[in-house]
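Below is one structure, written out as structure tokens, with a few remarks after it.
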Amino acid sequence: MTIVSDVPISVPDAGSDAGSDAEPDAVADFSHDDNWHLHLGEVEGPETSQRLAAQRRLHELLVKASRLQVWRLRHQLPGAGSGDLEDLAQQAADDAHLAVLRGLGEFEGRSRFSTWVFKFGILQAGVAVRRQAWRHREVTLSETLPFVDTDHGPASRAEGSDLRRAVHDALTTALTPRQRQIMIALLVDDVPIDVLAHRLGTTRNALYKNVHDARKRLREALIASGHLEALPDRRTS
């Protein structure tokens with residue numbers, strides 16, 4: 001088993017634009033021939049020497065990306081040793097490998113293929129770490145908001161209480177029970193969205209859609225109650 005090194009590795013910034021044409025140093029070893037992805041083929045494609053070589057290249061890059069991200073996020077896994085972190089990185093790389101093969105048709109060539117692939121490893125490792133960190137934590141799907149902090153002056157307490165009642169009323173009347181649970185879990189209880197998606201047996205995109213719709217309904221309700229100002233109409237004639 002490979003032990004994770006604490007030597008910093010130069011890699012693409014996880015938050016950088018995937019459309020950049022700049023090639024990170026850490027990916028350079030995999031990118032002398034950036035057309036190697038053309039040999040990957042479909043998930044269940046025939047095994048050829050070129051395909052096997054491309055698959056190995058892909059997996060090496062994903063392991064490198066996943067290992068780096070797991071190591072970056074190791075503070076979320078207190079008590080995890082180097083072996084545990086390496087196992088998690090390998091699992092994340094395997095999952096990312098399948099995701100890359102399924103998504104090959106989405107690669108548009110606006111960036112280096114190696115840079116595009118690296119993001120899969122980074123993102124999958126982040127998901128793996130968050131799920132591992134929450135594996136023994138209960139996700140409570142509450143439909144009620146916590147009480148307002150009263151450690152303020154009378155005016156602030158009154159204003160906060162009024163707003164809390166308005167938000168509570170909007171949550172109760174404008175949202176469905178499912179939307180209330182999702183909003184409170186994600187925005188109040190700080191449950192990671194991929195963890196919540198896994199617990200609810202749904203997808204991140206489905207949760208994003210729920211949050212988008214719920215926010216729109218909440219805004220409309222709070223505007224109607226006078227607690228928010230309506231946004232100016234930006235439509236032009």
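The structure displayed is predicted, hence computed values, not measured ones.
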Quiz item: Below 4.5 Å, heavy atoms only, C-beta onward: do W116 and R110 meet side chain to side chain?
Solution: no
Quiz item: Is the shortest heavy-atom distance from the side chain of K209 to the side chain of D213 under 4.5 Å?
Solution: yes
Exercise. Could you walk me through whether L88 and R131 pass the side-chain contact (heavy atoms from CB on, under 4.5 Å) test, one step at a time?
Key: CA-CA 11 Å; L88 198 60; R131 286 184 180 175; over 6 Å; no
Quiz item: Are V127 and W71 connected in a single hydrophobic cluster, I mean Ile/Leu/Val/Met/Phe/Trp/Tyr linked by side-chain heavy atoms less than 4.5 Å apart?
Solution: no
Quiz item: When rounded to the nearest 0.5 angstrom, what is the spacing between CG in L68 and CG in L73?
Solution: 9.0 Å
Quiz item: Of the non-hydrogen atoms in A125 and V70, which two are nearest, and what is the gap between them?
Solution: CB-CG2, 3.9 Å
Self-check item: Closest contact, heavy atoms only, A89 versus S66
Solution: O-CB, 3.4 Å
Quiz prompt | Between CG on residue N210 and CG on residue N205, distance to nearest 0.5 Å | solution = 11.5 Å
Practice problem: Look at D169 together with R165 and state whether they make a salt bridge at an N to O cut-off of under 4.0 Å. | Solution: no
Exercise. Evaluate the side-chain proximity of L85 to Q132: yes if any heavy-atom separation is below 4.5 Å, no if none is.
Key: no
Exercise. Could you go through the side-chain contact (heavy atoms from CB on, under 4.5 Å) check for L222 and R217 one step at a time?
Key: CA-CA 9 Å; L222 292 173; R217 290 189 179 189; over 6 Å; no
Quiz item: Aromatic rings F113 and F107: how do their planes relate, parallel, tilted or perpendicular, breaks at 30° and 60°?
Solution: perpendicular
Exercise. Side-chain contact test, heavy atoms from C-beta onward, threshold under 4.5 Å: evaluate it for Y208 versus T203 and give yes or no.
Key: no
Quiz item: Out of curiosity, F120 CZ to L62 CG, how far, rounded to the nearest 0.5 Å?
Solution: 9.0 Å
Quiz item: Is there side-chain contact between Q69 and Q124, with at least one heavy-atom pair below 4.5 Å?
Solution: no
Self-check item: Pairwise distance CD(E86) to CZ(R67) - rounded to 0.5 angstrom
Solution: 4.0 Å
Practice problem: Output yes when a side-chain donor or acceptor of R180 lies under 3.5 Å from a complementary backbone atom of T172, and no otherwise. | Solution: yes
Quiz item: With a 4.5 Å heavy-atom cut-off, do D84 and L77 have their side chains touching?
Solution: no
Quiz item: What pairs of residues pass the side chain to side chain donor-acceptor pair (under 3.5 Å) test when at least one of them lies in residues 91-100, not counting sequence neighbours?
Solution: Q55-H97, H59-D94
Quiz item: Got a second to check how far E220's CD is from S225's OG, nearest 0.5 Å?
Solution: 12.0 Å
Quiz item: How many angstroms lie between atom CD of Q179 and atom CD1 of I182, to the nearest 0.5 angstrom?
Solution: 7.5 Å
Quiz item: With side chains defined as the heavy atoms from C-beta onward, is the minimum distance between L207 and H212 less than 4.5 Å?
Solution: no
Self-check item: Enclosure of H75 NE2 (heavy-atom neighbours >12, cutoff 6.0 Å)
Solution: yes
Practice problem: Return the minimal non-hydrogen interatomic distance between L171 and L218, and the atom names on each side. | Solution: N-CD2, 3.8 Å
Quiz item: Hey, quick one: are F118 and V63 part of the same hydrophobic cluster, counting side-chain heavy atoms closer than 4.5 Å, chains of contacts allowed?
Solution: no
Quiz item: Between L52 and V100, is there a shared hydrophobic cluster once you connect ILVMFWY residues whose side-chain heavy atoms come closer than 4.5 Å?
Solution: no
Practice problem: Report, as yes or no, whether the 6.0 Å neighbourhood of atom CZ on R204 holds more than 12 heavy atoms from other residues, nucleotides or ligands. | Solution: yes
